[in-house]
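As structure tokens, the structure follows; a few thoughts come after it.
Below, read A as the first sequence line, B as the second, and so on, with proteins coming before strands; counting in each chain starts at 1. Model, not experiment: these values are computed from the prediction. Computation of the quantities below employed the complete heavy-atom set of this structure, encompassing side-chain atoms and omitting hydrogens, waters and symmetry-equivalent molecules.
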Amino acid sequence: MLTTTLILGLVLGGSYALLALGLTLQYGIARIMNLAYGEVALAAAFIAVALFQGLGIPPLVSLPGVAAAGYGAGWLLYQLMMRPLVARSGGGGRLETDSILATFGLLFLLQGVLLTAFGADFTSISYLDRGISILGVPVAANRLVAFGICVLAGGALVAALRFTRWGLSLRAVALAPGAAPLVGIDVNRVARQGFALGAALAATAGASISMYQTFSATGGVVFTMKALVIVIMGGVGNVPGALAAGFALGLIETFVATAIDPGLTLAATFALFLGVLLWRPQGLFGART
Amino acid sequence: MIRLLLPLAALVLLAVLPALVSEYGLGLLIGAATYVTLASAWALFSGQTHYVSLATVAFYGTGAYAVAVLNEALPYPAVLLCAALAGAAMALAVGLSTLRLSGVYFVIFSFGLAELVRQLITWYEVNVTGTLGRYIFLDVTARGIYWQMLALGAATIALSAWIGRGRLGMALRVIGDDEEVAAHSGINLARSKLAAFVLSAVILTLAGAITSPRYVYVEPSIVFNPTVSFLTVIMALLGGANRLWGPALGAVPLFLAFEWLSAHFPDTYPVLLGLLFIGVVFLVPQGILPAAEKLLRRRAEA
């Protein structure tokens, strides 16, 4: 029983961690609080399912394409929508309010597009749903694949941020956007890359979630909410923190769903959020300021 | 004197309007009055402080649901009182845990609040009471609802005007401009924000409670419709969220436009809403009223 919860929780947490990674990049580097984030992930999930059902392309094959499309969409979104807001705010606190409002509008726009294109029904596919035994617990293969994708994408991102020059400039902008231009960093370009990369991660997470979970066009808010809570728990812009917090949320949610009631998982998320806010608002892994 | 007489005359006019319009027209009047109330109440807190609350429907829905639960057990005024208390308690819980911190935590919390309340009520009804979905049989006519909503709307605007002239309004404006300055000038940040937020939430809850008999059948997924939060924000923004009459000015034309859109373009309606919202944020970020003031001032100077 405990092993089952542990393994299923870790697998779910992997998807959450991936989802939160993209959001923490968008908020930490581009400084855009993106409330339409869950809708981007959902759009990718719908596209992956449509490709599978319509053209017979399995999600694992379409995943790189979907991720690349996510990057392109994020790039365009930043250029067309966020960049004017950034320019208008002139680096002040207005950007936060403006980005919250603009992406709140975007949320309804994307949700409307998804509803018109794919309908309001719950969608799911049966793909790689053969059970594989892990430590005596049968786990569906699609969940394991999704977990593998998370570990690969998350690990690659952590390594890239930690060890490459490109990652260094991203971290520099996250830490001190005002001082980054002084060392020759094009903040606008880095912010755009951060935002686009975040959208690519959202698309990856969405496509991998579509392999094993049922979802509907109106469920984006819950995805965004969970990703936001993980980002706050891990500390804004903190990639390893987001990974750890994502696994923690997956574990807690699975525990609540099996031990108490599946209808209370969002309540568990909120309880966790409240606990973090009251106890360590700077994030579990952040330094006290 | 004229600033007091004009709104009062308008109020009297609006109160006798139901005698002149059809049943459909009365429905529109109720809708418009509801959104004027919601947008004004939202702006009472969010317009001044720039703390964007995305939780309008969490309170509105709580009000409506409280009536659905209590309408057969208690007399109507007591039901309204209970709804208001529930809204105040919820706002206190949210405010106490988030308003002491930076604004973004409040936004995040308010963003998921409606969904949380909806899921909790659904869970409770399914597992504990076993009745998902309730009926409201109250002896209230459509006109009665309209008059109540009109009174609530008028009270909201009057309250906003009164707060705007007092210490609390001043404190809220300074907080909206620069929180650090506000703290240094001796304003109790958390208490001011909390007071305005709870007041605003109580009005939102009451608005939900008053319109609830219009639904007749109430279910969590019906009364916690996120579109209500969305419309409230865009209406207040369009008119000018930090002006007394801004939200009302934005609410009436937008409500009529949305009614028309949802009747004529039912499929693409959400897409159009989203586009309109983004358009408002980009084109009139301060709202129509402040933009018009600026234009007039520039004219006067030239």
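For a heavy-atom cut-off of 4.5 Å, chain B lies close to A/M33, A/L35 in residues 28-35 of chain A. Residue-level contacts of residues 222-230 of chain A with chain B, in order of numbering, are A/V222, A/T224, A/M225, A/L228; threshold 4.5 Å between heavy atoms.
A/F104 has its ring centre less than 6.0 Å from the ring centre of B/F230.
Among A/L107, A/L277, A/V113, the residue making the largest number of heavy-atom pairs under 4.5 Å with chain B is A/L277. For the options A/L264, A/L278, A/V221, A/L85, heavy-atom pairs under 4.5 Å to chain B are most numerous at A/L264. Ranked by heavy-atom pairs under 4.5 Å with chain A, the list B/L272, B/L273, B/V233, B/L54 is led by B/L54.
Both the backbone and the side chain of B/F282 come within contact range of chain A, with heavy atoms under 4.5 Å apart. Using a 4.5 Å cut-off between heavy atoms, B/D178 makes no contact with chain A at all. For B/Y51, no part lies under 4.5 angstrom from a heavy atom of chain A. With a 4.5 Å cut-off on non-hydrogen atoms, B/I234 does not touch chain A at all. Interface residue A/L106: backbone and side-chain heavy atoms are both found under 4.5 Å from chain B.
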Exercise for the section: Carefully, step by step, assess B/F111 and A/I100 under the rule side-chain contact (heavy atoms from CB on, under 4.5 Å). Expected result: CA-CA 10 Å; B/F111 179 63; A/I100 285 166; over 6 Å; no

Exercise for the section: Begin from the C-alpha positions of B/I108 and A/F273 and carry the test side-chain contact (heavy atoms from CB on, under 4.5 Å) through to its verdict. Expected result: CA-CA 10 Å; B/I108 295 173; A/F273 185 41; 3.7 Å; yes

Exercise for the section: Apply side-chain contact (heavy atoms from CB on, under 4.5 Å) to the pair B/F109 and A/L274, showing each step before the final yes or no. Expected result: CA-CA 9 Å; B/F109 208 99; A/L274 210 60; 3.3 Å; yes

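Nearest heavy-atom pair across A/A102 and B/I278 is O-CG1, 4.0 Å. The two residues B/L113 and A/F270 have their closest heavy-atom pair at N-CZ, 3.7 Å. Shortest non-hydrogen contact noted between A/G112 and B/P270 is CA-CB, 3.6 Å.
With contacts defined as side-chain heavy-atom distances shorter than 4.5 Å, the pair B/P285/A/R88 qualifies.
For the atom pair OG (B/S229) and CZ (A/F108), the distance works out to 7.0 Å, reported to the nearest 0.5 Å. Atom OH of B/Y269 sits about 13.0 Å away from atom CG of A/L115, to the nearest 0.5 Å. Atoms CG and CG, on A/L101 and B/L237 in that order, are 5.0 Å from each other to the nearest 0.5 Å. Between atom CD of residue B/Q119 and atom CG of residue A/L266 there is a gap of 4.5 Å, rounded to the nearest 0.5 Å.
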